[in-house]
Amino acid sequence: MNQKLVQIAIVVENYDDAIAFYTQKLHFDLIEDTKMSETKRWVVVKPKGSGNCSLLLAKAADDEQRSRIGNQTGGRVFLFLHTDDFERDYQNLLTNDIKIVRGPSKEPYGTVAVFEDLYGNLWDLIEPANV
């Protein structure tokens, strides 16, 4: 069996604001932005590098979905961004005024900090110990 996780949907309030955050502040690549209907687009962003997993930015379509924006996992860290240079990427977070929830710490698995995306979803920035 050969399987892999290739995409995660994240509920957003506005396509263009989400694209701007991920591409301009986190420096992700915009992979696709296809209009599906008058209100729906297929928007995919991906971190730079060799990883295969991307984010599908899915605009909330109703009140129930809007209630999940920024809290898709009940306040737990939701996404994990590995880096080959923690200092570079942590400084980028600071430079772009991205909210740091928990500053850098050394853990057995690597160096980690927790930050929020534009909607409040929690992310770990991790430089694995083996990099």
Side-chain angles (χ1 to χ4, degrees):
M1 183 179 294
N2 182 13
Q3 299 176 330
K4 61 184 172 182
L5 186 62
V6 296
Q7 203 162 71
I8 297 170
I10 183 169
V11 182
V12 302
E13 186 175 331
N14 177 283
Y15 290 119
D16 294 324
D17 291 346
I19 291 168
F21 177 84
Y22 287 105
T23 62
Q24 296 171 19
K25 294 192 176 209
L26 292 184
H27 305 291
F28 284 21
D29 291 326
L30 178 61
I31 304 301
E32 185 174 355
D33 184 358
T34 302
K35 184 176 179 179
M36 306 295 285
S37 70
E38 288 304 313
T39 58
K40 185 177 180 179
R41 290 157 55 185
W42 187 263
V43 179
V44 179
V45 296
K46 179 181 161 309
K48 295 189 182 302
S50 61
N52 292 320
C53 194
S54 59
L55 291 178
L56 172 68
L57 305 179
K59 184 177 176 186
D62 57 33
D63 287 340
E64 183 176 356
Q65 290 178 14
R66 276 188 286 284
S67 76
R68 303 304 193 273
I69 295 172
N71 192 18
Q72 294 186 192
T73 59
R76 294 193 56 106
V77 171
F78 175 40
L79 298 159
F80 301 82
L81 182 62
H82 279 201
T83 178
D84 62 347
D85 187 336
F86 182 89
E87 289 304 319
R88 175 198 64 216
D89 293 338
Y90 184 73
Q91 186 58 50
N92 180 66
L93 298 176
L94 296 174
T95 299
N96 283 289
D97 296 321
I98 294 172
K99 183 177 179 184
I100 305 300
V101 175
R102 208 166 27 254
S105 64
K106 298 278 186 186
E107 303 295 337
Y109 55 86
T111 304
V112 62
V114 180
F115 69 93
E116 286 185 359
D117 67 14
L118 77 163
Y119 296 115
N121 294 301
L122 297 179
W123 288 67
D124 269 1
L125 173 66
I126 303 171
E127 181 176 342
N130 61 353
V131 171

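Positions are given from 1, in the same order as the sequence printed here.
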Colleague: Hydrophobic clustering (ILVMFWY, side-chain heavy atoms < 4.5 Å, transitive) - are W42 and L30 grouped together?
Modeller: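 Looking at the clustering, W42 is in a separate group from L30.
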Colleague: Can you find a pair of side-chain heavy atoms, one from Y90 and one from I100, that are under 4.5 Å apart?
Modeller: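 Of all side-chain heavy-atom pairs linking I100 with Y90, at least one is under 4.5 Å.
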Colleague: Can you check whether V11's main-chain N or O pairs, donor with acceptor, with Q72's side chain at less than 3.5 Å?
Modeller: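 Looks like yes, one N/O pair under 3.5 Å.
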Colleague: I10 vs D117, test: side chain to side chain contact (heavy atoms under 4.5 Å, CB included). Steps then yes/no.
Modeller: CA-CA 11 Å; I10 183 169; D117 67 14; 3.6 Å; yes
Colleague: Restricting to non-hydrogen atoms, name the atom on C53 and the atom on Q7 that form the minimum distance, rounded to 0.1 Å.
Modeller: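 Here C53 and Q7 meet closest at SG-N, 4.1 Å.
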Colleague: Decide whether Y22 and L94 are clustered together by the hydrophobic rule: side chain heavy atoms of Ile, Leu, Val, Met, Phe, Trp, Tyr closer than 4.5 Å, transitively.
Modeller: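 Cluster IDs for Y22 and L94 match.
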Colleague: Following the transitive rule for hydrophobic clusters with a side-chain heavy-atom cut-off under 4.5 Å over Ile, Leu, Val, Met, Phe, Trp and Tyr, establish whether I19 and L56 coincide in one cluster.
Modeller: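 Different clusters.
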Colleague: Find the distance between CG (L79) and CD1 (I8) and round it off to the nearest 0.5 Å.
Modeller: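 That separation rounds to 5.5 Å.
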Colleague: Just checking R76: does its CZ atom have more than 12 heavy atoms from other residues, nucleotides or ligands closer to it than 6.0 angstrom?
Modeller: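 No, CZ of R76 has 12 or fewer neighbouring heavy atoms, counting only those of other groups under 6.0 Å.
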Colleague: Kindly give the heavy-atom pair with the smallest separation between E107 and S105, and that separation in Å.
Modeller: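 Nearest heavy atoms, E107 then S105: OE2-OG, 3.0 Å.
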Colleague: Taking side-chain contact (heavy atoms from CB on, under 4.5 Å) as the criterion, tell me which of N121, D124, N71 meets it with F78.
Modeller: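 Result for side-chain contact (heavy atoms from CB on, under 4.5 Å) with F78: N121.
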Colleague: Would Y119 and N14 count as a side chain to side chain contact (heavy atoms under 4.5 Å, CB included) if you check the C-alpha gap in whole Å, the side-chain angles of each, and the deciding distance to 0.1 Å?
Modeller: CA-CA 10 Å; Y119 296 115; N14 177 283; 4.2 Å; yes
Colleague: For E13, look at atom CD and say whether over 12 heavy atoms of other residues, nucleotides or ligands are found less than 6.0 Å away.
Modeller: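 Not more than 12 within 6.0 Å, no.
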Colleague: Shared ILVMFWY cluster between V77 and V101, side chains joined below 4.5 angstrom?
Modeller: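 Yes.
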Colleague: List the atom of R88, the atom of D85, and the distance in Å for their closest heavy-atom pair.
Modeller: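 Closest heavy-atom pair between R88 and D85: N-OD1, 3.0 Å.
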Colleague: Any side-chain to backbone donor/acceptor pair from K46 onto G51? Under 3.5 Å, distance only.
Modeller: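 Looks like yes, one N/O pair under 3.5 Å.
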Colleague: Any idea how F115 and W123 line up, ring-wise: parallel (<30°), tilted (30 to 60°), or perpendicular (>60°)?
Modeller: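 Plane angle under 30°, so parallel.
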Colleague: Shortest non-hydrogen contact from K35 to E38?
Modeller: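 For K35 and E38, the tightest heavy-atom pair comes out as NZ-OE2, 3.5 Å.
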Colleague: Once rounded to the nearest 0.5 Å, what's the spacing between atom OH of Y109 and atom CD1 of I126?
Modeller: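 Answer rounded to 0.5 Å: 5.5 Å.
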Colleague: Which distance, rounded to the nearest 0.5 Å, do you find between the CG of L57 and the OH of Y15?
Modeller: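 So the gap between those two atoms works out to 9.0 Å.
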Colleague: Step by step, would you call D89 with L81 a side chain to side chain contact (heavy atoms under 4.5 Å, CB included)?
Modeller: CA-CA 10 Å; D89 293 338; L81 182 62; 5.9 Å; no
Colleague: Rounded to the nearest 0.5 Å, what separation is found between the CG atom of L122 and the NZ atom of K99?
Modeller: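 Between atom CG of L122 and atom NZ of K99 there are 9.0 Å.
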Colleague: How close do F28 and V45 get, counting heavy atoms only, and between which atoms?
Modeller: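 For F28 versus V45, the nearest heavy atoms are CD2-CG2, 4.0 Å.
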Colleague: Taking N96 for the side chain and I98 for the main chain, is one N or O donor matched with an acceptor at less than 3.5 Å?
Modeller: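 Between the backbone of I98 and the side chain of N96 there is no qualifying donor-acceptor contact (under 3.5 Å).
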Colleague: Classify the side-chain pair T83/E127 by whether it contains a donor and acceptor separated by less than 3.5 Å.
Modeller: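 No.
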Colleague: Can you tell me how far apart CZ (R41) and CE (M36) are? Round to the nearest 0.5 Å.
Modeller: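 If we round to the nearest 0.5 Å, R41:CZ and M36:CE are 12.0 Å apart.
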Colleague: Please test K48 against D29 for side chain to side chain contact (heavy atoms under 4.5 Å, CB included), starting from the C-alpha separation and ending with a verdict.
Modeller: CA-CA 6 Å; K48 295 189 182 302; D29 291 326; 2.4 Å; yes
Colleague: Test your reading of the model: is there a side-chain donor-acceptor pair from N92 to the backbone of L26, 3.5 Å cut-off?
Modeller: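 Looks like no, no N/O pair under 3.5 Å.
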